[in-house]
Amino acid sequence: MMRSLLFVPGDSEKKLEKGLASEADMLLIDLEDSVSAERKAAARQITADFLKSNRGTASPRLFVRINDLSSGFADDDLAAIMPSLPVGILLPKSNSGKDVTRLSVKLNVHEAQAGLSEGVTQIIAIITETAIGTLSAATYPDASKRLIGLSWGAEDLSAVIGATAVRNEAGHYTDVFRMARALTVLGASAADVAAIDTVYIDYRNEEGLARECTEAARDGFTAKLAIHPAQVAIINQIFTPSAEAVDQAERIVAAFAAEPAAGVIGIDGKMFDRPHLKRAERLIARARSF
């Protein structure tokens, strides 16, 4: 389970160590946007050494964001880092479930070369950084058993479509980006994987971050990307199920366990059906994982 996923540039030993000391559930060691073309080779080596030195770290889990599959850099990224055994790969600019399947096939080869069991390397995909990717959110069921989460991004998509801003004057996402966000939640639900909210770039604005996390949790996201260690504590707090929510979920589970044939259960004057039971079970599982 995960709540906070912190991006760290793959070419900075100092920032990698700082990220390791954060309380993020996952580090996303970046070989893509935060690393210039001239620094790609150095970043691969620094990342590989960091992974090797921290192999087996229980928390944070170490993922690597490779360059996208059409960039010409992805195969070199994988060749450099896979012998050091990252827990997983973050795939940017995924255009459909087929891209996840393609990446999974590549990982099969690297795992065999490293003597690993097939399928141990997990995948998270960012699915809204291109127009076709955003419109293909429903293609991820059965893409790969490695897939554990879907996330979204606004900045790359804005560049692709020519939008001059991703938010309006009130600070809310405009319609295209609200749609991309909603499609991510729906796509993740269809694929039965985690829905991960995008970054909040104003990292000094704690109130704004907390508000956005609260809205994301309300809408079905269970985790959020972070760009600064200072964001991690707020993200973890809001995406950790509260004691009240866990207590309610346990009451729902217990009520259905007491009446296994029931389709609907009444608790304190409110009616709960089987979808509520499924949601309660997932919430309890998340709470126990933390």
Side-chain angles (χ1 to χ4, degrees), residues 1-5 7 26 28 30 32-33 63 65-71 74 88-107 121-163 165-168 172-201 212-227 235 239 275 278-279 282 286:
M1 294 291 183
M2 54 190 158
R3 300 160 297 182
S4 53
L5 299 85
F7 278 112
M26 189 178 292
L28 303 175
D30 190 22
E32 194 210 15
D33 285 347
F63 271 57
R65 176 164 71 171
I66 61 171
N67 289 274
D68 70 269
L69 296 180
S70 65
S71 66
I89 301 297
L90 176 63
L91 176 65
K93 299 179 178 66
S94 181
N95 286 321
S96 73
K98 290 181 180 179
D99 278 355
V100 169
T101 303
R102 286 175 59 201
L103 174 58
S104 183
V105 171
K106 292 177 184 292
L107 293 177
T121 311
Q122 299 172 333
I123 296 173
I124 296 172
I126 304 179
I127 67 170
T128 70
E129 294 180 307
T130 67
I132 191 63
T134 305
L135 295 172
S136 301
T139 64
Y140 289 89
D142 304 318
S144 173
K145 292 181 179 179
R146 299 175 183 273
L147 187 66
I148 65 166
L150 298 180
S151 190
W152 73 288
E155 301 304 325
D156 284 280
L157 181 60
S158 69
V160 167
I161 66 175
V166 302
R167 297 178 187 263
N168 61 22
H172 304 300
Y173 284 113
T174 58
D175 288 347
V176 170
F177 304 101
R178 289 172 57 206
M179 183 183 76
R181 178 180 181 273
L183 287 172
T184 301
V185 174
L186 295 171
S189 179
D192 196 23
V193 298
I196 304 164
D197 195 25
T198 193
V199 298
Y200 185 76
I201 62 173
E212 188 159 288
C213 289
T214 300
E215 292 172 354
R218 175 201 65 196
D219 293 343
F221 289 96
T222 57
K224 189 169 181 63
L225 305 177
I227 58 170
I235 293 172
F239 285 100
K278 185 176 182 180
R279 184 174 67 184
R282 287 183 171 179
R286 286 177 54 223

So, does [X] use its side chain to make a donor-acceptor pair with the main chain of [Y] at under 3.5 Å?
{"X": "S136", "Y": "N95", "answer": "yes"}
{"X": "R178", "Y": "H172", "answer": "no"}
{"X": "S158", "Y": "A165", "answer": "no"}
{"X": "T121", "Y": "G88", "answer": "no"}

Got [X] and [Y] here, is their nearest side-chain heavy-atom distance under 4.5 Å?
{"X": "C213", "Y": "Y200", "answer": "no"}
{"X": "E32", "Y": "N67", "answer": "yes"}
{"X": "V199", "Y": "F7", "answer": "yes"}
{"X": "T130", "Y": "D156", "answer": "no"}
{"X": "T134", "Y": "V176", "answer": "no"}
{"X": "L183", "Y": "T128", "answer": "no"}
{"X": "E129", "Y": "D68", "answer": "no"}

Is the count of non-hydrogen atoms from other residues, nucleotides or ligands lying under 6.0 Å from [X] atom [atom1] greater than 12?
{"X": "R279", "atom1": "CZ", "answer": "no"}
{"X": "D33", "atom1": "CG", "answer": "yes"}
{"X": "I161", "atom1": "CD1", "answer": "yes"}

Which atom of [X] lies closest to which atom of [Y], heavy atoms considered:
{"X": "A131", "Y": "L157", "answer": "N-CD1, 3.9 Å"}
{"X": "A137", "Y": "I127", "answer": "CB-CD1, 4.0 Å"}
{"X": "A188", "Y": "A194", "answer": "CB-O, 3.8 Å"}
{"X": "I124", "Y": "L147", "answer": "CA-CD1, 4.4 Å"}
{"X": "R286", "Y": "F239", "answer": "NH2-O, 2.7 Å"}
{"X": "Y173", "Y": "A154", "answer": "CE2-CB, 4.3 Å"}

When rounded to the nearest 0.5 angstrom, what distance separates [atom1] in [X] from [atom2] in [Y]?
{"X": "I196", "Y": "R3", "atom1": "CD1", "atom2": "CZ", "value": "13.5 Å"}
{"X": "W152", "Y": "T198", "atom1": "CH2", "atom2": "OG1", "value": "5.5 Å"}
{"X": "I89", "Y": "S104", "atom1": "CD1", "atom2": "OG", "value": "11.5 Å"}
{"X": "M179", "Y": "L135", "atom1": "CE", "atom2": "CG", "value": "5.5 Å"}
{"X": "I126", "Y": "L90", "atom1": "CD1", "atom2": "CG", "value": "4.0 Å"}
{"X": "L5", "Y": "D197", "atom1": "CG", "atom2": "CG", "value": "11.0 Å"}

- Salt bridge check: are E212 and R181 linked by an N-O gap of less than 4.0 Å?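 Here E212 does not pair with R181 in a salt bridge, since their nearest N and O are not under 4.0 Å apart.
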
message: Check this for me, if you would: do D192 and R282 make a salt bridge, where the nitrogen-to-carboxylate-oxygen distance has to be below 4.0 angstrom?
response: yes

> In a check of side-chain contact (heavy atoms from CB on, under 4.5 Å) between L103 and each of D99, T101, L107, V100, which one passes?
Replying inline: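 It is L107, the one option of D99, T101, L107, V100 that forms the side-chain contact (heavy atoms from CB on, under 4.5 Å) with L103.
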
